[in-house]
Amino acid sequence: MHPRDPKKLFPHDHVMRYTIIPLIPKWVSPNMVTIARIILIPFVLWFLMEENFNVGVPLFLFTAFTDVIDGSLARLRKQITQWGTFYDPLADKLFIGLVVLLVVIKHVNVIFGLLIIIIEALIILGGYIRKQRGTLQGSNILGKTKMFFQVLGVSFLLIALWAGMSLFIPVSIGTLSLAIVLAVISLFTYGI
């Protein structure tokens, strides 16, 4: 599989070009947004751990959305860096992995949550090995789709906990199951 051209726009970049990106000051770099996501992780975890879903769920969604922002910002403003190519997906995996540890393992199933985390850890390891070999590869559509379904699955679970709507728990499990399948495929196309 050929590496994806990191400058090539994803479909959501075209929407972001006319909606969110113009609202972001020119001095804000994509790497600053990635760093902000990393800084927000402990706050998200704290509010979710305290089961303060009124703050935790919107903060989770905002933090997850910063992944869309930094990627679109980098591609649209032509500010793709090696640092961002490595640390943006690492921040995503750290973010989703820690939330899965905290929420999915507690409210769904330990094995299910650990499976998500192990696959993400293998993808990180594969990315690190590629970086050491000098063959750093940006994210592909599979990785983007996997992350979308992970965030969506966790969001459904958080909404179920926040609003007391247990109907969303099976929807969350189904969505996260799809994310696991995509993660395994992504592992073989990106991580290894």
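Taking all atoms of both residues into account, the shortest heavy-atom contact from Phe149 to Thr175 is O-CG2, 3.3 Å. The two atoms that bring Ser29 and Leu73 nearest to each other are C-CD2, 3.9 Å, heavy atoms only. Contact between Ala160 and Ile169 at its shortest, heavy atoms only, is CB-CG1, 3.7 Å. When all heavy atoms of Ser172 and Gly153 are compared, the pair lying nearest together is OG-O, 2.7 Å. In terms of heavy atoms, Phe168 sits closest to Phe156 at CB-O, 3.4 Å. Summarising the geometry of Ala179 relative to Lys146, their closest heavy-atom pair is O-CG, 3.7 Å, with the distance given to 0.1 Å.
Under the 4.5 Å side-chain criterion, counting only non-hydrogen atoms from C-beta, Val154 is not in contact with Leu157. Residues Ile24 and Ile20 meet the side-chain proximity criterion, which asks for heavy atoms closer than 4.5 Å. A heavy-atom distance below 4.5 Å is found between the side chains of Ile180 and Phe112. With a 4.5 Å cut-off on side-chain heavy atoms, Asn31 and Gln79 do not count as touching. Residues Met49 and Lys106 form no side-chain contact, since every pair of their non-hydrogen atoms from C-beta on lies 4.5 Å or further apart. The closest side-chain heavy-atom distance from Ile21 to Arg77 is below 4.5 Å. Contact of the Val151 side chain with the Phe60 side chain is registered, since non-hydrogen atoms from C-beta on lie closer than 4.5 Å. Counting only heavy atoms from C-beta outward, the side chains of Lys144 and Met147 never approach each other to under 4.5 Å.
Here the straight-line distance linking atom CD1 of Ile118 with atom CG of Leu125 works out to 13.0 Å at 0.5 Å rounding. One finds the OG1 atom of Thr145 at 11.0 Å from the CD atom of Gln150 (value rounded to the nearest 0.5 Å). Asp70 CG to Ile80 CD1: the interatomic distance, rounded to the nearest 0.5 Å, is 11.0 Å. Thr63 OG1 to Asp92 CG: the interatomic distance, rounded to the nearest 0.5 Å, is 11.5 Å. If you take CG on Leu45 and CZ on Phe95, they are separated by 8.0 Å, rounding to the nearest 0.5 Å. For the atom pair CG of Asn109 and CD1 of Ile116, the computed distance is 10.0 Å after rounding to the nearest 0.5 Å.
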*asked:* Is there a side-chain contact (heavy atoms from CB on, under 4.5 Å) between Val100 and Glu120? Walk through the geometry before answering.
replied: CA-CA 11 Å; Val100 163; Glu120 289 299 322; over 6 Å; no

*After noting the C-alpha distance and the side-chain angles of Val44 and Ile41, does the key distance pass the side-chain contact (heavy atoms from CB on, under 4.5 Å) rule?*
CA-CA 5 Å; Val44 172; Ile41 292 171; 5.8 Å; no

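Linking ILVMFWY side-chain heavy atoms closer than 4.5 Å, directly or via other members, places Trp46 and Val99 in a single hydrophobic cluster. With hydrophobic clusters built from ILVMFWY side chains whose heavy atoms lie under 4.5 angstrom apart, Ile38 does not share a cluster with Val68. Linking Ile, Leu, Val, Met, Phe, Trp and Tyr residues whenever their side-chain heavy atoms come within less than 4.5 Å places Val110 and Ile117 in a single cluster. When hydrophobic clusters are built by joining Ile, Leu, Val, Met, Phe, Trp and Tyr residues whose side-chain heavy atoms come closer than 4.5 Å, directly or via intermediates, Leu161 is grouped together with Leu102. No single ILVMFWY cluster, assembled from side-chain heavy atoms under 4.5 Å apart, contains both Leu167 and Leu178.
More than 12 heavy atoms of other residues, nucleotides or ligands shown are found within 6.0 angstrom of CZ on Phe65. Taking a 6.0 Å sphere around CD1 of Ile111, one finds it holds 12 or fewer heavy atoms contributed by other residues, nucleotides or ligands.
Side-chain atoms of Asp13 come within 3.5 Å of backbone atoms of Phe10 as a donor-acceptor pair (strictly under, hydrogens ignored).
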